[in-house]
Amino acid sequence: MPEGDIIFQRLEAATDAETAELCKILKITKTNNPGVDKTHIIIELRKAAGNSVMNLFRRDPHALPYKRILIDVADKLHPGFGWTKYKMGDDSTEEQLEDEINKRILERWQEELEKLSPEEREQKAKQFDEELRKKGVPAAIRETIAGAITGAAVGALGANYAALALFYSGTFWGVYASVFGVATRFLIAAGAAMAGIGLLVGILFAAVFHLPTPAYQKTIPAVLVLIRIRFRLKAEKQCEED
Amino acid sequence: MSIPFDVPAEFLPHVLSGNYVRYGAILKDVSTGQIVGHLKEVGGLTTGLPGAAIFPQLVQSAQLAHIQQTLNALKLVATVGAVASVASLGVSIAGFAVVAHKLRRIEGKIDQLANELGCIRDCIKELGTNSDALTLAKIDVAAEQLNLAITSSDETRWRGRAEEAILLFSQMRRLNWRLFNLLDPWNRYDVPPKAALELFSRACTCSLGQLEAEFLVGDSGTLERTWAQVLDESRQAANFNLKEAYRSRSDGAIRRGLAFQTATITEDLPARLSASKLIADETVARIDTLKIEAEYVRRLGITPREYVRELQQIKEPNVVLLPCQKDPASCV
């Protein structure tokens, strides 16, 4: 059924930059045909978000509903053990779930930053500032970001965008792994590199159980981009009304 | 005193009731379409927006109140911000004396300015023209020349000073518009709307300076041509689409890496863009109505220099309304 659902609608409204960003997150080679790219994105997102065992039995690549994807992401980000209150059959809307995810992502970043000592935060801020400087980010913007990291005030960076802000940062890889999860191949590689054969077997065992779960390192950032498209459309509407 | 004027407060009931409408610096009778008069800031005005109410009588007008709130929100205070705010709300050609006053106050504040306008500085560096301080110094010199031209008691020298001011302001006006057009600041994610407005206002400040200097010299043909150019430049610069600006900023931020978005594409961006456009449009409206004042002085039968000097003598109120003549044909 989900053909024509919110994912389709958001991608229909996506700009070229947003499409390119999604292709990068989902590791799709971008073509010069927006229609083809968007179809690839939708298929790849649902594939990444689906249980890989269940995916084998899905004939329709668009079968996985967006709400299911959002519930899985919200559950993944839920603090402590257990899941969120959201269920497929309840009356919660996709927008409510998106807001919940957005809020939770900010909280997670906040928690992770608070775990660091002031000295560690300052060091991270310096490293990140250097990363941004190399990318040519203007000083004024770098200062705002560095101030938010040092003060452990993710909210100061602005709702929604904070989550994505540090996403590709090598400096915050540890935080990233904690929030978004670690890909199975990283687990195996880390096990091989760091441990003896016993631990490697253990990690491989864990990886087998990890395999059928959604690929959150793709799904979460992709969902965040879709949320941001919604925010942009809302902001543009506000601009038109003004 | 040969310049008749009224206190704008007397007209407020008409403005508030909707009988009169303000566009730029003029008040118009809604039913007849005739210009009632033009508003003018005068001599004793030394306090600048947004801290103090520059228009105590007029600020009740909804549009001006909104603009003042906007300026407060954008924190356009000190440095060039104050100049920009005056430029944005400067009432008339001869009101440039106030801008000059503000320009003198920014002397010695270049460092602070550089911090405030870090993004502009970065953009200027990008263009390979690291000359922000030099630009401001030149504007300052131009303003000084203009002020001396007004106050000079030496009849043979004031004209030379005014012409020097025209040349300097003209150079700075062109430089600032060129910079503005090259940067396209409304659409750049790394230039906050406040900074884009500052750039716009700088160019308008130089334009107003040139217009005042030419007004003083008294060559009506040149004044009219410059006015038309300035109006065209400011209109083009203010004519941006809010939605497109937002999208362009969002896309620009994405293309440069996700980290960029944190400090640039914020929830209040639509409101900040909208507020900046409101002020830019108001500035254009002010420039659009400047010609009325030149006509007014011509009809008054005094020289522009006499007019400017007389206005500087008025201490209270700080904004007056110079009524239009009764002959409707002369007012339209």
Side-chain angles (χ1 to χ4, degrees), chain A residues 13-22 24-25 106 109 128-129 131-149 154-169 171-172 221 224-225 228-229 231-242, chain B residues 66 70 113-126 183 185-195 198 240-279 281:
Chain A
T15 64
D16 191 54
E18 287 160 346
T19 307
E21 188 181 21
L22 283 164
K24 189 177 172 186
I25 289 168
L106 284 173
W109 276 112
F128 194 46
D129 184 70
E131 273 185 51
L132 296 177
R133 193 188 61 75
K134 283 179 187 164
K135 285 182 182 176
V137 179
I141 296 173
R142 292 202 321 263
E143 280 163 21
T144 307
I145 295 172
I149 294 168
V154 174
L157 293 175
N160 181 260
Y161 302 110
L164 291 167
L166 314 176
F167 187 62
Y168 287 126
S169 165
T171 306
F172 287 91
L224 289 173
V225 174
R228 200 185 52 217
I229 292 172
F231 286 173
R232 175 179 59 75
L233 292 171
K234 187 181 160 199
E236 286 181 358
K237 195 175 171 199
Q238 193 185 331
C239 286
E240 280 181 327
E241 284 164 1
D242 285 342
Chain B
H66 185 52
T70 300
L113 178 76
N115 285 333
E116 284 284 313
L117 302 177
C119 51
I120 292 178
R121 189 188 48 199
D122 288 342
C123 298
I124 290 170
K125 272 184 189 166
E126 228 175 82
L183 288 175
W186 300 124
N187 294 314
R188 283 183 68 129
Y189 74 92
D190 52 350
V191 180
K194 174 183 165 184
E198 294 280 6
F240 69 97
N241 181 290
L242 289 172
K243 182 181 164 184
E244 283 171 15
Y246 185 94
R247 181 171 291 196
S248 172
R249 283 166 176 264
S250 171
D251 280 355
I254 291 168
R255 287 198 183 97
R256 290 296 295 272
L258 295 163
F260 286 73
Q261 296 169 78
T262 54
T264 55
I265 312 299
T266 50
E267 273 185 77
D268 64 346
L269 182 59
R272 286 187 295 137
L273 279 171
S274 172
S276 301
K277 178 148 178 63
L278 180 73
I279 293 172
D281 285 342

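From a predicted model like this one, the values you see are computed outputs, not experimental measurements. Residue numbers begin at 1 in each chain, while the letters A, B, ... track the order of the sequences.
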For the atom pair [atom1] ([X]) and [atom2] ([Y]), what is the distance rounded to the nearest 0.5 Å?
{"X": "Leu269(B)", "Y": "Cys239(A)", "atom1": "CG", "atom2": "SG", "result": "7.0 Å"}
{"X": "Lys243(B)", "Y": "Glu236(A)", "atom1": "NZ", "atom2": "CD", "result": "5.5 Å"}
{"X": "Glu240(A)", "Y": "Ser274(B)", "atom1": "CD", "atom2": "OG", "result": "12.5 Å"}

Region of Ala20(A) that comes under 4.5 Å of a non-hydrogen atom in chain B: neither

Listed by chain and number, what are the salt bridge (Lys or Arg N to Asp or Glu O under 4.0 Å) partners of Glu18(A), not counting sequence neighbours? Arg232(A)

Residues passing the salt bridge (Lys or Arg N to Asp or Glu O under 4.0 Å) test with Glu244(B), sequence neighbours excluded, are none

Please report the C-alpha distance between Arg247(B) and Thr15(A) in whole Å, then the side-chain angles of each, then the deciding distance to 0.1 Å, and finally whether the side chain to side chain contact (heavy atoms under 4.5 Å, CB included) criterion is met. CA-CA 8 Å; Arg247(B) 181 171 291 196; Thr15(A) 64; 3.7 Å; yes

State, with a plain yes or no, whether a side-chain heavy atom of Ile254(B) is found less than 4.5 Å away from one of Arg228(A). yes

Can you tell if the side chain of Glu21(A) reaches within under 4.5 Å of the side chain of Asp251(B), non-hydrogen atoms only? no

